[in-house]
Peer 1: 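Below is one structure. I have some questions about it.
Note that the structure is a prediction, hence the values are computed from the model and not measured.
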Amino acid sequence: MRAAVLHAIGEPLRVEEVPTPRPGPGQVLVKVAAAGVCHSDLHQQDGSVPPHRIPLIMGHENAGWVAALGQGAEGLAEGDPVVVYGGWGCGHCRFCLGGHEQLCDGARWGGLGPDGGYADYLLVPATRHLLPAGHLDLVKAAGLTDAGLSSYRAVKKALPHLLAGTTAVVIGAGGLGQYGVQYLKLMTSATVIAVETSPARRQLAVSLGADHAIDGSAAGSLEEIRELSGGEGPAAVLDFVGIDATMRLGLAALARQGLFVLVGLAGGSVPMGFFSQAPEVAFTTSVWGSRNDLAEVIALAQQGKLTAATETHRLDDINQVLERLELGLVEGRAVVVP
């Protein structure tokens, strides 16, 4: 099969022939229909988030069809359209048994440890990591497994803070933020403010339901956020970027007893002290999502309640796609189609 392989930190991926994996007991071989291209792939490629091994086939947002079943793999049939859950835990620890495999100490995320979906085929270790796609367009469904899932979990964390009359801020209206805006409008009555440097993405955020979209790099953006949230500040800030500047802006804007949810992996940090932000604010990270979260995301997509700006590319063009992503030229989600 053909695959895009990372052979060394800082180098382009190489599209080459590699052996097609064979499913062992309980495993499933999936023919990849589409694999989403994520900013975390850039972080692996440049070594800021070191890959667990090299060489590695990246690609952790995947959808496709069941191609072959290993002995004892039940509940699926060859040809079934499936969406691949990426957090592959041990299945036995308290996090896995509690439904949060993505938090397992031994979690092996497809494309972040084992080989991923930038290839013709993907080997999945167990049937529990596959969810029926039903009638979904598999090219658009691929992005649900991280962009759609991670933003959904982040919004769920914020729900207790987003009472009637409150405001939520989404920082970054790209691949994840576009879903974050939609979930906030679907699941809360809060006013939604998108903070985004790209004019095209600001326009996209408004088209997806954001009540306001402002330029986070502009002078006075903090004051504008406070004004749009009635002077109190937002009850929740969801940062899908995660650089120093966005974290400083979000925490400075946050209302008393507000919640800051960090999702972006850009490596930023911000000092926190008793008097450096509003009283009794809470700060949390949000890591991907559970399999049950993904099932809920798929249900929303199957009901036609989610929209995704998706652009498709050939696997051979993976390095150009990664370059476009790094330059901020991808408005929604880019996917490669083997």
Side-chain angles (χ1 to χ4, degrees), residues 1-9 11-21 27-67 81-88 102 107-125 129-131 133 137-150 174-176 265 288-289 294 308 310-326 330 332-338:
M1 71 174 185
R2 297 174 72 250
V5 185
L6 177 67
H7 283 276
I9 296 297
E11 289 190 359
L13 306 187
R14 299 185 209 165
V15 179
E16 58 194 28
E17 290 288 336
V18 300
T20 301
Q27 297 178 336
V28 182
L29 186 67
V30 173
K31 180 175 175 58
V32 177
V37 182
C38 181
H39 265 280
S40 59
D41 296 328
L42 294 173
H43 299 320
Q44 283 196 100
Q45 188 181 24
D46 67 17
S48 56
V49 177
H52 292 287
R53 63 178 176 83
I54 285 181
L56 175 68
I57 302 171
M58 296 194 301
H60 56 273
E61 294 186 345
N62 302 297
W65 305 271
V66 174
V82 290
V83 172
V84 184
Y85 173 66
W88 302 342
Q102 81 281 6
R108 300 169 299 134
W109 296 8
L112 300 178
D115 284 330
Y118 290 168
D120 292 323
Y121 292 92
L122 168 67
L123 186 63
V124 179
H129 303 312
L130 298 172
L131 292 86
D137 179 335
L138 293 179
V139 172
K140 294 184 177 180
L144 296 176
T145 61
D146 183 3
L149 174 59
S150 295
L176 276 73
L265 299 180
W288 212 335
L294 181 56
T310 304
E311 56 180 61
T312 61
H313 301 270
R314 300 182 309 152
L315 181 63
D316 291 302
D317 297 329
I318 181 61
N319 289 305
Q320 293 93 315
V321 178
L322 289 167
E323 183 179 1
R324 291 187 71 249
L325 183 64
E326 187 170 22
V330 178
R333 206 56 162 182
V335 300
V336 292
V337 179

Peer 1: Test side chain to side chain contact (heavy atoms under 4.5 Å, CB included) on Leu123 and Gln27; report intermediate values, then the result.
Peer 2: CA-CA 7 Å; Leu123 186 63; Gln27 297 178 336; 3.6 Å; yes
Peer 1: Is any side-chain heavy atom of Asp46 less than 4.5 Å from a side-chain heavy atom of Ile9?
Peer 2: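 No, every pair of side-chain atoms sits at 4.5 Å or beyond.
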Peer 1: Taking all non-hydrogen atoms of both residues, which atom of Ala133 and which atom of Val83 are closest, and how far apart?
Peer 2: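 Here Ala133 and Val83 meet closest at CB-CG2, 3.9 Å.
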Peer 1: Between Glu311 and Arg333, is there a donor-acceptor pair closer than 3.5 Å when you use the side chain of the first and the backbone of the second?
Peer 2: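 Absent.
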Peer 1: Please check if the side chain of Asp146 supplies one atom and the backbone of Glu61 the other of a donor-acceptor pair under 3.5 Å.
Peer 2: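 Checking the backbone N and O of Glu61 against the side chain of Asp146, no donor-acceptor pair under 3.5 Å is found.
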Peer 1: Between Asn319 (side chain only) and Leu13 (backbone N and O only), is there a donor and an acceptor less than 3.5 Å apart?
Peer 2: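 At least one qualifying donor-acceptor pair exists.
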Peer 1: I would like to know whether Val82 and Asn62 meet side chain to side chain contact (heavy atoms under 4.5 Å, CB included); could you show each step before the answer?
Peer 2: CA-CA 9 Å; Val82 290; Asn62 302 297; over 6 Å; no
Peer 1: I'd like to know if the side chain of Tyr118 reaches the main chain of Val15, judged simply by a donor and an acceptor atom lying under 3.5 Å from each other, with no hydrogens or angles considered.
Peer 2: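 Absent.
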Peer 1: Does His313 form a side chain to side chain contact (heavy atoms under 4.5 Å, CB included) with Val330? I'd like the steps, not just the answer.
Peer 2: CA-CA 12 Å; His313 301 270; Val330 178; 5.9 Å; no
Peer 1: Among Asp316, Thr20, Val18, find the residue that satisfies the side-chain contact (heavy atoms from CB on, under 4.5 Å) test when tested with Arg2.
Peer 2: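 Exactly one option meets the side-chain contact (heavy atoms from CB on, under 4.5 Å) with Arg2, and it is Asp316.
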Peer 1: Quick one: pull up CD in Gln102 and CG in Leu294 and give me the separation to the nearest 0.5 Å.
Peer 2: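 Output value for this atom pair is 11.0 Å.
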Peer 1: Assign the ring pair His60 / Trp288 to parallel, tilted or perpendicular, where the plane angle (0 to 90°) is split at 30° and 60°.
Peer 2: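 Rings of His60 and Trp288: perpendicular, as their planes differ by over 60°.
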Peer 1: To check you understand the geometry: which heavy-atom pair defines the closest contact between Asp41 and Gly59, and what is its length?
Peer 2: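 Closest pair (atom of Asp41, atom of Gly59, distance): OD1-N, 4.2 Å.
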Peer 1: Does the pair Gln45 and Glu326 meet the rule for a side chain to side chain contact (heavy atoms under 4.5 Å, CB included), with working shown?
Peer 2: CA-CA 11 Å; Gln45 188 181 24; Glu326 187 170 22; over 6 Å; no
